[in-house]
Amino acid sequence: MPELPEVETMRRDLQKAVGRKVITAVEVLDPKAVAGGPDSLTTGLAGRHVRSYDRRGKVLILRLDDGRTLLLHPRMTGRFQLLRPHDELPRHARVVFHLSGGQRLVFEDPRRFGRVELRPAGEEEAGTLLCRIGPDATRCDADRLREALRRRRTPIKALLLDQTILAGIGNIYASEICYRCGLDPRTPSHALRLPEVRQLAAATEAVLSEGIALRGTTISDYRTVGGRSGGFQKRLAVYGREGEICLRAGCPGRIQRVVLAGRSTYFCSHCQRKGRRRK
DNA sequence: GATAATGTTCGATC
DNA sequence: AGATCGAACATTAT
């Protein structure tokens, strides 16, 4: 269930494993997986290769050698797997890209929320997957962030999940980011002043880059293209730790769970205060 | 069987 | 008009 660090890991893995291999054919096993209809993918992809592997937020951006762009959003359970010639298709295979050399790149997705979309040259931003998202969260500008927060009453953690403000933060990293900068996730956004927003921006960049360095977080489903688990689950300070003791040395607090914007949210009420950061 | 799951979008309501 | 909330989407695992 990928967020920014997991999609970035996918991007790096694909760049390395697929590189400029030629796509010889595409099979769409689940038409629902393709925004714009299955024919949009099967027409004219044969003979093409990926010229560059890019990403914005949780969206993979594969630029093809003919100028078109293949966009992919894994949503909750989408992932790529590289199969060797005699490997069987995974149970939830949705789209299969046949590559020169006999390998197959499979997009699999049990819950079927993920989407692939092929955009014409110069029109990728207008597609359904990119048109609603803001700048990538790895480059988190504090002044811009503050402007986005100042007239909103929503809890700060809910705003971190708003992809139009910053693209890429999901439910795990949102709780971890709030913990990192000592901010109560329920704090109304407009209560943050510039110093706190700066702390928040710094915490966002720090947590995401650690997530990337450890190749993402595996709690149950997420696997890298090579089928391996990520490593950031070992570093989670609050997510999924309801009732456990806070990891900060000497802190007597226990991790609490509340629901914000319909999603589980974890925090230490001792370390995390409203509108105030931890020293 | 009920519940929750790392995501987004839509419609209803304020 | 804009903000906000809950339901919906679909499937699996506990």
Side-chain angles (χ1 to χ4, degrees), chain A residues 1-10 29-35 55-60 71-80 90-94 107-117 127-134 137 147-179 185-190 204 207-208 210-212 214-224 228-243 257-266:
Chain A
M1 308 186 180
E3 304 181 31
L4 187 152
E6 291 73 35
V7 179
E8 174 62 16
T9 303
M10 280 171 54
L29 281 62
D30 178 9
K32 192 175 180 291
V34 184
R55 179 193 58 73
R56 187 155 108 226
K58 303 168 192 170
V59 181
L60 259 186
L71 302 174
L72 184 134
H73 197 313
R75 294 279 177 91
M76 291 291 262
T77 53
R79 56 172 284 214
F80 276 114
R91 182 169 164 200
H92 301 291
R94 306 299 177 198
F107 177 65
E108 59 171 322
D109 183 17
R111 288 176 70 175
R112 303 171 74 205
F113 290 156
R115 293 289 179 273
V116 187
E117 183 177 24
T128 53
L129 298 184
L130 278 184
C131 69
R132 289 190 175 99
I133 69 174
E147 203 48 44
L149 306 188
R150 72 190 310 171
R151 283 190 188 80
R152 308 282 295 268
R153 243 166 279 186
T154 320
I156 184 60
K157 187 258 189 173
L159 276 210
L160 290 177
L161 293 177
D162 183 339
Q163 304 294 301
T164 65
I165 295 171
L166 279 177
I169 301 168
N171 203 39
I172 292 177
Y173 294 97
S175 280
E176 294 299 316
I177 288 165
C178 290
Y179 174 79
R186 302 166 296 184
T187 310
S189 300
H190 63 72
T204 297
V207 169
L208 293 177
E210 282 171 38
I212 292 169
L214 291 175
R215 303 173 58 81
T217 303
T218 299
I219 288 172
S220 60
D221 300 86
Y222 169 73
R223 293 293 182 285
T224 67
R228 294 164 39 192
S229 294
F232 196 73
Q233 63 278 7
K234 295 171 193 156
R235 300 284 185 86
L236 295 176
V238 289
Y239 187 86
R241 299 191 62 242
E242 182 179 15
R257 173 184 175 272
V258 295
V259 174
L260 294 178
R263 320 287 308 273
S264 288
T265 304
Y266 301 87

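Any value given below was found using the heavy atoms of this structure, including those in side chains, with hydrogens, waters and symmetry copies removed. Every chain is numbered from 1, with letters handed out A, B, ... down the list of sequences. Here the structure is a predicted model, which is why all the values come from computation and not from measurement.
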Checklist entry - Given the rule in the side-chain contact (heavy atoms from CB on, under 4.5 Å) test, do A/Y173 and A/T217 qualify, once you have shown the distances and angles that lead to the verdict? => result CA-CA 9 Å; A/Y173 294 97; A/T217 303; 2.7 Å; yes
Next on the checklist: side-chain contact (heavy atoms from CB on, under 4.5 Å), that's the test. Do A/H92 and A/D109 meet it? Break it down for me.
Outcome noted: CA-CA 6 Å; A/H92 301 291; A/D109 183 17; 5.9 Å; no
Starting at atom [atom1] of [X], determine the distance to atom [atom2] of [N], rounded to an integer number of angstrom.
| X | N | atom1 | atom2 | answer |
| --- | --- | --- | --- | --- |
| A/R115 | C/dA10 | CZ | C1' | 10 Å |
| A/E3 | B/dA5 | CD | C1' | 12 Å |
| A/K157 | B/dG7 | NZ | C1' | 12 Å |
| A/K32 | C/dC9 | NZ | P | 10 Å |

If the condition is side chain to side chain donor-acceptor pair (under 3.5 Å), which residues does [X] pass it with, not counting sequence neighbours?
| X | result |
| --- | --- |
| A/R111 | none |
| A/T265 | A/K157 |
| A/R150 | A/E147 |
| A/R55 | A/E8, A/D136 |

Item to check | Approximate separation, where rounding is to 0.5 Å, of A/T218 OG1 and A/Q233 CD | outcome: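 The CD atom of A/Q233 is 5.0 Å from OG1 of A/T218, to the nearest 0.5 Å.
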Item to check | Phosphate-side-chain proximity, A/K58 and B/dT8, N/O vs OP1/OP2 below 4.0 Å | outcome: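 Answer yes for this pair, as a side-chain N or O of A/K58 is under 4.0 Å from OP1 or OP2.
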Checklist entry - Can you tell which of A/T204, A/L4, A/L159 makes a side chain to side chain contact (heavy atoms under 4.5 Å, CB included) with A/I169? => result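 With A/I169 as partner, side chain to side chain contact (heavy atoms under 4.5 Å, CB included) holds for just one option, A/T204.
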Is the backbone N or O of [Y] less than 3.5 Å from a side-chain atom of [X], with the two atoms forming a donor-acceptor pair by type?
| X | Y | result |
| --- | --- | --- |
| A/T187 | A/I156 | no |
| A/D30 | A/R94 | no |
| A/E176 | A/L236 | no |

Checklist entry - Are A/Y266 and A/R241 side-chain neighbours, meaning at least one heavy-atom pair lies under 4.5 Å? => result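 No, side chains not in contact.
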Checklist entry - Tell me, which of residues 162-172 of chain A have any heavy atom that sits under 4.0 Å from an atom in DNA chain C? => result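 When residues 162-172 of chain A is checked for heavy atoms under 4.0 Å from DNA chain C, there are no hits whatsoever.
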Which heavy-atom pair separates [X] from [Y] by the least distance, and what is that distance?
| X | Y | value |
| --- | --- | --- |
| A/A35 | A/T128 | CB-OG1, 4.0 Å |
| A/P2 | A/G78 | CG-O, 3.8 Å |
| A/K58 | A/Q163 | NZ-NE2, 3.4 Å |

Checklist outcome for this item: Dot-bracket for DNA chain B, 5' to 3', Watson-Crick and G-U pairs with both distances under 3.5 Å, [ ] for crossing pairs, | for partner on another strand, reads .||||.||||||||
Checklist entry - Does A/P90 have any side chain to side chain contact (heavy atoms under 4.5 Å, CB included) partners at least two apart in sequence or in another chain, and if so, which? => result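 A/Q81, A/L83, A/A93, A/V106, A/E108.
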Next on the checklist: The criterion is salt bridge (Lys or Arg N to Asp or Glu O under 4.0 Å); which residues satisfy it with A/R56, sequence neighbours excluded?
Outcome noted: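 Applying salt bridge (Lys or Arg N to Asp or Glu O under 4.0 Å) to A/R56 gives A/E125.
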Item to check | Ring-on-base stacking C/dC9 with A/F113 (under 5.5 Å, under 30°) | outcome: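 Stacking between A/F113 and C/dC9: present.
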Checklist entry - Quantified in whole Å, what is the P atom distance between nucleotide B/dG11 and nucleotide C/dA10? => result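 Between the two P atoms, the distance is 16 Å.
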Item to check | Pairwise P distance, B/dT9 and C/dT12 [rounded to whole Å] | outcome: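 One P to the other, the span is 24 Å.
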Checklist entry - side-chain contact (heavy atoms from CB on, under 4.5 Å) between A/L60 and A/V7: does it pass, once the steps are laid out? => result CA-CA 7 Å; A/L60 259 186; A/V7 179; 4.0 Å; yes
Checklist entry - Which nucleotides of nucleotides 9-14 of chain B have their base under 4.0 Å from a protein heavy atom (B), which only their sugar-phosphate (S), and which neither (-), written as one string 5' to 3'? => result S-----
List, with names and distances, any nitrogen or oxygen atoms from the protein found under 3.5 Å away from nitrogen or oxygen atoms belonging to nucleotides 2-4 of chain B.
none

Give me, pair by pair, the N or O atoms of the protein and of nucleotides 11-14 of chain C that are less than 3.5 Å apart, along with how far apart they are.
{"residue": "C/dT11", "atom": "OP1", "partner": "A/R112", "partner atom": "NH1", "Å": "2.7"}
{"residue": "C/dT12", "atom": "OP1", "partner": "A/R91", "partner atom": "NH2", "Å": "3.0"}
{"residue": "C/dT12", "atom": "OP1", "partner": "A/H92", "partner atom": "NE2", "Å": "3.1"}

Restricting to nitrogen or oxygen on both sides, can you table the protein-nucleotides 2-6 of chain C pairs closer than 3.5 Å?
{"residue": "C/dT4", "atom": "OP1", "partner": "A/R153", "partner atom": "N", "Å": "2.9"}
{"residue": "C/dT4", "atom": "OP1", "partner": "A/T154", "partner atom": "N", "Å": "3.1"}
{"residue": "C/dT4", "atom": "OP1", "partner": "A/T154", "partner atom": "OG1", "Å": "3.1"}
{"residue": "C/dT4", "atom": "OP2", "partner": "A/R152", "partner atom": "NE", "Å": "3.0"}
{"residue": "C/dT4", "atom": "OP2", "partner": "A/T154", "partner atom": "OG1", "Å": "2.4"}
{"residue": "C/dT4", "atom": "O5'", "partner": "A/T154", "partner atom": "OG1", "Å": "3.4"}

